[in-house]
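Note that these values count all heavy atoms, side chains included, but never hydrogens, waters or copies made by symmetry. These numbers come from a predicted model, not from an experiment.
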Amino acid sequence: MWGAVLVLVALLVVKISHWFYRWANPKCDGELPPGSMGLPIIGETIEFFTAHKLYDIPPFIRKRMTRYGDVFKTSLVGQKVVVSTDPEINYNIFQQENKSFLIWYTESFIEILGQESLLKYHGKIHKYLKNLILQLVSPESLRVKLLPEMNEATRRHLQSWAERGAVDVKEVASDMIFEYFSKKLISYDEKKNKRKLRENYTAFIEGLISFPLNIPGTKFHACIQGRNNAIKIIKEIYEQRKASNKPGNDFLDHMLEEVAREDTILNEAIAIDLIFVLLFATYETTSAAITLLTKYIFDHPKVIEELTKEHEAIIRNRKEDNSDMTWEEYKSMTFTHMVINETVRLANIVPGIFRKVVKDVKIKGYTIPEGWVMMVVPSVLHLSPDKYEDPLAFNPWRWEGQELHAGSKTFMAFGGGIRLCVGADFAKLQMAVFLHSFVTKYRWSVTKGGTAIRKPGLVFPDGLHIQIEEKEAVEVN
């Protein structure tokens, strides 16, 4: 009997050992990049999700770059991944979009953002959905429709901050953008709605980039619950509008018209998921950028001085002192755009950009098999001393004489290729509108907080608290 047990144990050990070996040495019709696949299924996910400080290349990436070079293999959340920190390779990946590579997110990420999310689609459907969004945030729409309302909302909220005296910038910036953009999307007013959409988005965001363990008590579970509750509220608004047949003069009107068309590829599920993702992507990423922007310029008085000089010159050149910022003024703000570029370079709000390999590809002599995922890490390029002198320093003047309104092989704050962030112009305009009033009409100082960490998403554990008051008069003479 004991002999049979020993044989079974030996067979089990051989089986497990073979499984481990196959996991650590995946099949490839060629040579894979160097690297480690970690433990079966789990891979190296736990280390990837370990929190780290903002102002450095993620330790997970740095450690492997040192050991394996600019291209290496790993495994994250059960997916075989090749990480690229090489600007030429990254550029080629984006140029091969919809050919050798397709947009990719983990199953858990898609579960959170929605099975009908824009992020899931590619090719003609993605192009169609992107064009729908551009109806809302194209440069022309920003100039004619959004800028006047953005001016009003920003001015009103900044005045409210000053009346309170002390605020957490991350929290109040999130409130400002959420309030404004949710009205543009679905005419939503948090104060008039018993079911609080904003609260559910908060729960959703805290678990968005977390270990995908969907059991009660985990951040991921709370994230799923937050998403489900938010979708219910959006769906309710959608159905009420559809039943009433009364226009709201917002993006939802356009969605309903598109869904009703006979030749459309849009359905209600896609429309609702699109609204959900647009609201999240717009207010969360832009508020994070504004928070870091506030911290950076406070730490650099010369930057505030230069910004103030640029914006006060704009005010002096106006025919009417109390008029709002115009599109022409926005486009003329050279130093402001330098500050915005430097902020998003250091912020690296997106920890990684993923593309799935649809057919075997050759990279630097290596073969990346079909079904694997390529991960581009913008922070490595943005913080590289080979690309940027003193890369960890906040120095807007490094952008002098450079292109300020486009990405490049070494500047991918808003992605790249045909998947360049459709909301990039919106975010930059909102930051400029904020700065215009902030530096000319208010005195403020940071009182506590300001520490940002990655988990790997960007979070502010202690917020960024400022003391703020309105200036008695704007000195423009």
Side-chain angles (χ1 to χ4, degrees), residues 18-50 57-58 60-113 115 117 119-123 126 209 211-212 350-381 409 412 415-419 456:
H18 181 67
W19 182 41
F20 269 81
Y21 178 82
R22 289 289 300 274
W23 178 266
N25 299 275
K27 289 183 177 181
C28 176
D29 189 16
E31 183 182 358
L32 282 166
S36 169
M37 302 302 290
L39 296 171
I41 309 301
I42 296 174
E44 299 184 307
T45 306
I46 295 174
E47 188 178 352
F48 178 75
F49 278 104
T50 301
I57 295 170
F60 175 88
I61 302 296
R62 181 181 290 280
K63 177 180 175 182
R64 285 154 182 78
M65 286 176 63
T66 302
R67 183 177 299 176
Y68 305 119
D70 292 340
V71 181
F72 58 87
K73 68 176 182 285
T74 183
S75 176
L76 303 173
V77 291
Q79 176 65 49
K80 298 179 177 67
V81 178
V82 169
V83 177
S84 168
T85 64
D86 183 297
E88 293 298 328
I89 292 175
N90 297 344
Y91 178 77
N92 289 332
I93 289 172
F94 292 136
Q95 294 305 304
Q96 290 296 312
E97 185 87 42
N98 292 340
K99 297 175 184 175
S100 299
F101 303 94
L102 293 177
I103 186 74
W104 183 86
Y105 292 93
T106 65
E107 285 299 319
S108 58
F109 202 80
I110 291 295
E111 181 181 354
I112 293 169
L113 290 179
Q115 292 296 332
S117 167
L119 303 177
K120 177 182 177 181
Y121 293 107
H122 49 83
H126 171 262
I209 305 181
F211 198 82
V350 178
I353 301 170
F354 297 91
R355 296 292 184 268
K356 192 158 193 173
V357 181
V358 296
K359 58 182 179 181
D360 288 8
V361 294
K362 298 286 185 181
I363 291 177
K364 265 193 167 182
Y366 300 117
T367 298
I368 316 301
E370 176 185 343
W372 281 56
V373 168
M374 293 291 302
M375 177 182 178
V376 173
V377 188
S379 62
V380 174
L381 303 175
K409 293 179 182 180
M412 298 189 299
I418 63 174
R419 287 280 179 169

- Query: Is a donor on one side and an acceptor on the other found under 3.5 Å between the side chain of Lys73 and the backbone of Pro33?
  - Reply: yes

- Query: Quick one: does Val361's side chain get under 4.5 Å of Phe101's, heavy atoms only?
  - Reply: yes

- Task: Assess Arg64 against Phe60: is NZ or CZ under 6.0 Å from the centre of the six-membered ring, and within 45 degrees of the ring's axis?
- Result: yes

- Shortest non-hydrogen contact from Ser379 toward Pro58: OG-CD, 3.4 Å

- Query: Shortest non-hydrogen contact from Phe354 to Val373?
  - Reply: CD2-CG1, 3.7 Å

- Can you measure from CZ (Arg355) to CG (Asn90) and round to the nearest 0.5 angstrom? 10.5 Å

- Item | Interatomic spacing from OG1 in Thr45 to CG in Leu39 - rounded to 0.5 Å | 9.5 Å

- Query: Under a 4.0 Å N-O cut-off, is there an ion pair linking Glu370 with Lys356?
  - Reply: no

- For Leu76 and Phe48, the nearest pair of non-hydrogen atoms, with its separation, is CD2-CB, 3.7 Å

- Does atom OH of Tyr91 have more than 12 heavy-atom neighbours, drawn from other residues, nucleotides or ligands, at distances under 6.0 Å? no

- Query: Would you say the side-chain atoms of Thr66 pair up with the backbone N or O of Arg62, donor to acceptor, closer than 3.5 Å?
  - Reply: yes

- Task: Give a yes or no on this: more than 12 heavy atoms of other residues, nucleotides or ligands lie within 6.0 Å of atom NZ of Lys359.
- Result: no

- Task: Any chance you could measure Asp70, atom CG, to Ile61, atom CD1, to the nearest 0.5 Å?
- Result: 11.5 Å

- pair Met65-Thr85: side-chain heavy atoms closer than 4.5 Å: yes

- Item | Donor + acceptor pair across side chains of Thr367, Asp360 (<3.5 Å) | no

- Message: In the structure I gave you, are the side-chain heavy atoms of Ser84 and Phe72 within less than 4.5 Å of one another anywhere?
- Response: no

- Message: Any non-hydrogen side-chain atom of Ser75 less than 4.5 Å from a side-chain atom of Glu44?
- Response: no

- Heavy-atom distance under 4.5 Å between the side chains of Met375 and Val377, does that happen here? yes

- Query: Just how far is it from atom CG of Asn92 to atom CE of Met374, taken to the nearest 0.5 Å?
  - Reply: 10.0 Å

- Message: Do Val82 and Val71 have side chains that approach each other closer than 4.5 Å (heavy atoms only, starting at C-beta)?
- Response: yes

- Message: I'd like to check Leu32 versus Pro369 (side-chain heavy atoms, cut-off strictly below 4.5 Å). Are they in contact?
- Response: yes

